[in-house]
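A note on names: the letters A, B, ... follow the listed sequences, proteins ahead of strands, and every chain is numbered from 1.
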Amino acid sequence: MSSVLIVAEHDGQTLHAGVARAASCGLAIGADRLDVAVLGLDCEGVAQQAARIEGVSRVLSLDRSENANPVAAIQAPQVAALASQGYSHVLGPSTTFGKDLMPRVAALLGVPQVSDIMSVEGERRFKRPIYAGNAVLTVEAPAGHIVVGTARLASWPAAGEGGDAAVEGAQTDAELPDHTSWLELKSAESERPDLQSASVVVSGGRALGSSENFSLLYDLADRLGAAVGASRAAVDAGYVSNDMQVGQTGKIIAPDLYFAIGISGAIQHLTGIKDAGVIVAINKDPEAPIFEIADIGLVGDLFAIVPEIQAAVEGS
Amino acid sequence: MRKILVTLKRVVDYNVRVRVKPDGSGMAVEGLKMSVNPFDEIALEEALRMRERGEAGEILAVTIGGDECQQQLRTGLAMGADRALLVKCEGEVEPLAAAGILLEVIRREEPDIVIMGKQAIDDDCNQTGQMLATLWGRPQATFASELNLNGDTARVTREVDAGLEVLEVQLPALITTDLRLNEPRYIKLPDIMKARRKPLETLAADDLELAAPPALKALAYEPPAQREKGVVVEDVPALMGMLRERGFLN
């Protein structure tokens with residue numbers, strides 16, 4: 001019998017969409033108890049959102065001033081203390097939040113971590129990608145120890161809503177360090193959907209040629225209700241900010257529909273999109289590797305094609 | 001003057017495509033070009049820049065592995081590290097075990113800052129820095145894209161999914177690097193010659209007498225599922241038609 005604790009990522013107001021995906025991973029382990037830990041300050045609203053995830057048994061709210069912002073060194077001792085209260089598994093989302101926090105939890109518990117769980121093959125047996133997705137490794141966590149892992153979000157569907165778990169206040173007597181101060185989060189304000197949870201994503205590459213030209217993609221994305229992403233080449237060229245990067249070194253995403261526009265398709269980009277539903281590639285080079293994995297390809301000048309798609313969408 | 005410890009992992013060069021062995025027992029890495037993990041090169045570059053700005057003194061480069069890893073330490077020395085240390089050890093070393101070994105090195109060397117790559121491009125674990133900071137009982141600032149020292153604190157800008165986060169950590173501290181922190185320098189031939197005369201010590205991991213922590217067992221390696229090659233359409237109306245057929249844009 002497994003009992004799984006999931007660490008919730010949130011911004012103080014909204015639960016991260018990855019938590020419901022990590023919950024699917026927890027349910028695949030065969031959890032007969034699936035609890036979610038929400039560490040925050042005045043985070044009752046977030047705890048209520050977690051309680052609505054289907055399959056969640058209980059939400060544990062650790063509401064205290066030290067948790068006002070997510071600092072791994074402060075959260076880890078609390079998560080490790082909670083996890084030691086009889087859980088067999090503790091999972092986080094494989095986002096920058098989970099990647100920062102969970103190895104600290106594992107180290108405190110003295111156990112290895114299974115990063116980027118793609119599938120569950122048994123209570124202690126998991127598949128995970130290595131070598132930038134060029135191979136899949138099956139690993140087994142050691143018997144007799146708690147399992148710590150992160151769930152690769154693109155591999156898991158979001159668990160449904162409609163749950164009605166109890167929210168309980170929780171406390172730990174873990175000692176918290178004061179060597180780390182959280183100063184600020186500078187985020188690019190965007191009205192568009194979040195890249196990691198959007199069902200449609202429009203991404204551009206170096207062929208866009210300038211940051212001004214990206215407005216073509218923003219216009220199309222707004223018409224489609226899509227998020228906008230970019231290849232590493234476009235980020236490195238300075239056309240867009242790094243939080244838009246899709247790929248092994250950026251975000252790994254799995255939208256239902258993905259437009260790769262002016263993206264040649266370097267391995268590291270393909271790694272970030274291979275779980276997408278339908279991939280549409282638009283590129284003037286018919287030999288571009290992106291066409292090897294695209295479901296629908298269109299060879300030609302993006303500056304002619306994108307406005308034509310825009311017009312077709314508006315006309316429909 | 002601040003002392004900096006940088007870790008360098010020997011990995012298959014990032015330009016080489018690695019494949020699974022036909023029998024699924026591991027990766028076919030024999031004979032492939034090996035390099036310093038790219039994120040670790042960024043870590044060393046950042047240490048060198050601190051020293052050039054007068055913010056750091058000695059830079060020690062450390063790795064764990066077999067004798068062949070001396071090659072990557074020599075690369076580190078050629079880039080500009082002052083000393084190198086190889087902790088000799090056979091077989092796979094998982095992040096938790098590596099963190100335990102590095103903690104021993106920290107106890108002996110007492111660095112003010114440890115800089116590591118955020119992940120190695122072979123196992124893609126992204127764990128060792130965080131685990132080491134935890135065992136060390138010190139702060140971490142992972143995925144750094146900007147690093148500023150001020151007395152006994154460091155202000156670090158981190159690349160997080162939502163944008164850029166700024167932390168202030170007290171030294172000693174552990175930093176892990178993201179791609180945009182800097183662009184590592186190229187090594188010139190005279191630097192390679194000079195590196196041959198720099199000290200490279202070795203230490204047997206067994207002599208540290210560390211208890212082996214619990215470890216994962218690798219059961220099988222397999223190639224990833226391949227997407228099937230799709231179709232190429234002639235024009236936008238054909239594209240729109242196919243998308244509508246599949247239930248999009250309706």
Undergrad: Return the option, out of A:Pro129, A:Ala107, A:Pro112, with the maximum number of heavy-atom pairs under 4.5 Å with chain B.
TA: A:Pro112
Undergrad: Decide if atom NZ of B:Lys21 counts as having more than 12 heavy atoms of other residues, nucleotides or ligands within a radius under 6.0 Å.
TA: yes
Undergrad: Residue by residue, scan residues 247-255 of chain A and write down, ordered by number, those that have a heavy-atom distance under 4.5 Å to chain B; if none do, write 'none'.
TA: A:Gln248, A:Thr249, A:Lys251
Undergrad: Give the minimum heavy-atom separation between A:Thr180 and A:Ala73, together with the two atoms involved.
TA: OG1-CB, 4.3 Å
Undergrad: Could you tell me if the side chain of A:Val280 sits less than 4.5 Å from the side chain of B:Phe248, heavy atoms only?
TA: no
Undergrad: Which atoms form the tightest heavy-atom contact between B:Leu103 and B:Leu132, and what is the distance?
TA: N-CD1, 3.6 Å
Undergrad: At a heavy-atom distance under 4.5 Å, which candidate from A:Ile279, A:Asp194, A:Leu224 has the highest pair count against chain B?
TA: A:Ile279
Undergrad: Count the heavy atoms of every other residue, nucleotide or ligand shown that sit under 6.0 Å from OH of B:Tyr14, and state whether that count exceeds 12.
TA: no
Undergrad: Might you work through the salt bridge (charged side-chain N to carboxylate O under 4.0 Å, His left out) test for A:Arg124 and A:Glu140, ending with a clear yes or no?
TA: CA-CA 5 Å; A:Arg124 306 188 157 269; A:Glu140 189 166 73; over 6 Å; no
Undergrad: At a heavy-atom distance under 4.5 Å, which candidate from A:Arg232, A:Gln268, A:Met118 has the highest pair count against chain B?
TA: A:Arg232
Undergrad: Report, in residue-number order, which members of residues 152-159 of chain B are under 4.5 Å from chain A by heavy-atom distance.
TA: B:Arg155, B:Arg158, B:Glu159
Undergrad: Among B:Ala99, B:Pro213, B:Ala133, B:Pro223, which has the most heavy-atom pairs under 4.5 Å with chain A?
TA: B:Ala133
Undergrad: Pick from B:Val232, B:Val166, B:Asp178: which one has the most heavy-atom pairs with chain A under 4.5 Å?
TA: B:Val166
Undergrad: Select one option (side chain, backbone, both, neither) describing which atoms of A:Ala294 are under 4.5 Å from chain B's heavy atoms.
TA: backbone
Undergrad: Below 4.5 Å, heavy-atom pairs only: which of B:Leu135, B:Thr176, B:Leu179 has the largest tally toward chain A?
TA: B:Leu179
Undergrad: Given heavy-atom pairs under 4.5 angstrom as the criterion, report whether the side chain, backbone, both or neither of B:Val20 touches chain A.
TA: side chain
Undergrad: Less than 4.0 Å between a side-chain N and a carboxylate O, is that true for B:Arg185 and B:Glu45?
TA: yes
Undergrad: Which of the residues A:Val139, A:Asp295, A:Val105 is involved in the greatest number of heavy-atom pairs with chain B at under 4.5 angstrom?
TA: A:Asp295
Undergrad: Tell me which pairs pass side-chain hydrogen bond (donor to acceptor under 3.5 Å, both in side chains) where either residue lies in residues 92-104 of chain B, with sequence neighbours left out.
TA: B:Glu104-B:Arg107
Undergrad: Checking A:Asp116 against chain B: side chain, backbone, both or neither under 4.5 Å from a heavy atom?
TA: side chain
Undergrad: Just by distance, with hydrogens left out, do A:Asp100 and B:Gln140 show a side-chain donor and acceptor under 3.5 Å apart?
TA: yes
Undergrad: Can you see which heavy atom on A:Gln196 is nearest to which on A:His16, and at what distance?
TA: OE1-NE2, 3.9 Å
Undergrad: Are the side chain of A:Arg128 and the backbone of A:Ser115 linked by a donor-acceptor contact shorter than 3.5 Å?
TA: yes
Undergrad: What residue in A:Lys186, A:Met102, A:His179 has the most heavy-atom pairs under 4.5 Å with chain B?
TA: A:His179
Undergrad: Answer yes or no: is there a side-chain heavy-atom contact under 4.5 Å between A:Ile305 and B:Val236?
TA: yes
Undergrad: Look at B:Lys3 together with B:Glu109 and state whether they make a salt bridge at an N to O cut-off of under 4.0 Å.
TA: yes
Undergrad: Given heavy-atom pairs under 4.5 angstrom as the criterion, report whether the side chain, backbone, both or neither of B:Ala215 touches chain A.
TA: backbone
Undergrad: At a 4.5 Å cut-off on heavy atoms, which part of B:Tyr221 comes close to chain A: side chain, backbone, both, or neither?
TA: both
Undergrad: Non-hydrogen atoms of chain A under 4.5 Å away: do they reach the side chain of B:Pro95, the backbone, both or neither?
TA: neither
Undergrad: Taking the side chain as everything from C-beta on, heavy atoms only, tell me whether A:Val201 gets closer than 4.5 Å to A:Leu195.
TA: yes
Undergrad: For B:Gln130 and A:Lys99, work out which heavy atoms get closest and say how close.
TA: NE2-O, 2.8 Å
Undergrad: Could you tell me which of B:Ala238, B:Ala220, B:Gly230 has the largest number of non-hydrogen atom pairs under 4.5 Å with chain A?
TA: B:Ala220
Undergrad: Where does A:Leu270 contact chain B at under 4.5 Å (heavy atoms): side chain, backbone, both or neither?
TA: neither
Undergrad: Let's test your reading of the structure: which of B:Leu96, B:Thr142, B:Val11, B:Leu164 forms the most heavy-atom pairs below 4.5 Å with chain A?
TA: B:Leu164
Undergrad: Taking side chain as C-beta onward, heavy atoms only, is B:Val87 less than 4.5 Å from B:Leu208?
TA: yes
Undergrad: Kindly give the heavy-atom pair with the smallest separation between A:Ala304 and A:Pro307, and that separation in Å.
TA: O-CD, 3.4 Å
Undergrad: Considering only heavy atoms and a distance below 4.5 Å, find which of B:Glu228, B:Arg246, B:Arg17, B:Met242 pairs most often with chain A.
TA: B:Arg17
Undergrad: Would you sort out whether B:Glu46 and B:Thr177 count as a side-chain hydrogen bond (donor to acceptor under 3.5 Å, both in side chains), showing the intermediate values?
TA: CA-CA 9 Å; B:Glu46 196 63 18; B:Thr177 61; over 6 Å; no
Undergrad: Please say whether more than 12 non-hydrogen atoms of neighbouring residues, nucleotides or ligands are located less than 6.0 Å from CD in A:Glu184.
TA: yes
Undergrad: Heavy-atom distance under 4.5 Å between the side chains of A:Trp182 and B:Glu165, does that happen here?
TA: yes
Undergrad: Where does A:Asp256 contact chain B at under 4.5 Å (heavy atoms): side chain, backbone, both or neither?
TA: both
Undergrad: Please flag which part of B:Ala173 lies under 4.5 Å from any non-hydrogen atom of chain A: side chain, backbone, both or neither.
TA: neither
Undergrad: So which residues of residues 111-129 of chain B are in contact with chain A at a heavy-atom cut-off of under 4.5 Å?
TA: B:Lys118, B:Gln119, B:Ile121, B:Asp122, B:Asp123, B:Asp124, B:Cys125, B:Asn126, B:Gln127
Undergrad: With heavy-atom distances below 4.5 Å as the criterion, would you say the side chains of A:Val306 and A:Phe259 are in contact?
TA: no
Undergrad: Checking heavy atoms, do the side chain of A:His145, its backbone, both or neither come under 4.5 Å from chain B?
TA: side chain
Undergrad: Please check if any side-chain donor atom of A:Thr138 sits under 3.5 Å from a side-chain acceptor atom of A:Glu121, or the reverse.
TA: no
Undergrad: Taking every non-hydrogen pair under 4.5 Å, which of A:Asp236, A:Ile309, A:Thr95, A:Leu257 racks up the most with chain B?
TA: A:Leu257
Undergrad: Please look at B:Met240 and chain A and tell me whether the side chain, the backbone, both or neither of the residue comes under 4.5 angstrom of a heavy atom of that chain.
TA: side chain
Undergrad: Using non-hydrogen atoms only, which part of B:Leu219 is less than 4.5 Å away from chain A: side chain, backbone, both, or neither?
TA: both
Undergrad: In the structure I gave you, are the side-chain heavy atoms of A:Ser241 and A:Val235 within less than 4.5 Å of one another anywhere?
TA: no
Undergrad: Identify the two heavy atoms, one from B:Pro172 and one from B:Pro139, that lie closest to each other, and give their separation to 0.1 Å.
TA: O-CD, 3.5 Å
Undergrad: Does some side-chain heavy atom of B:Thr63 sit less than 4.5 Å from a side-chain heavy atom of B:Gln72?
TA: no
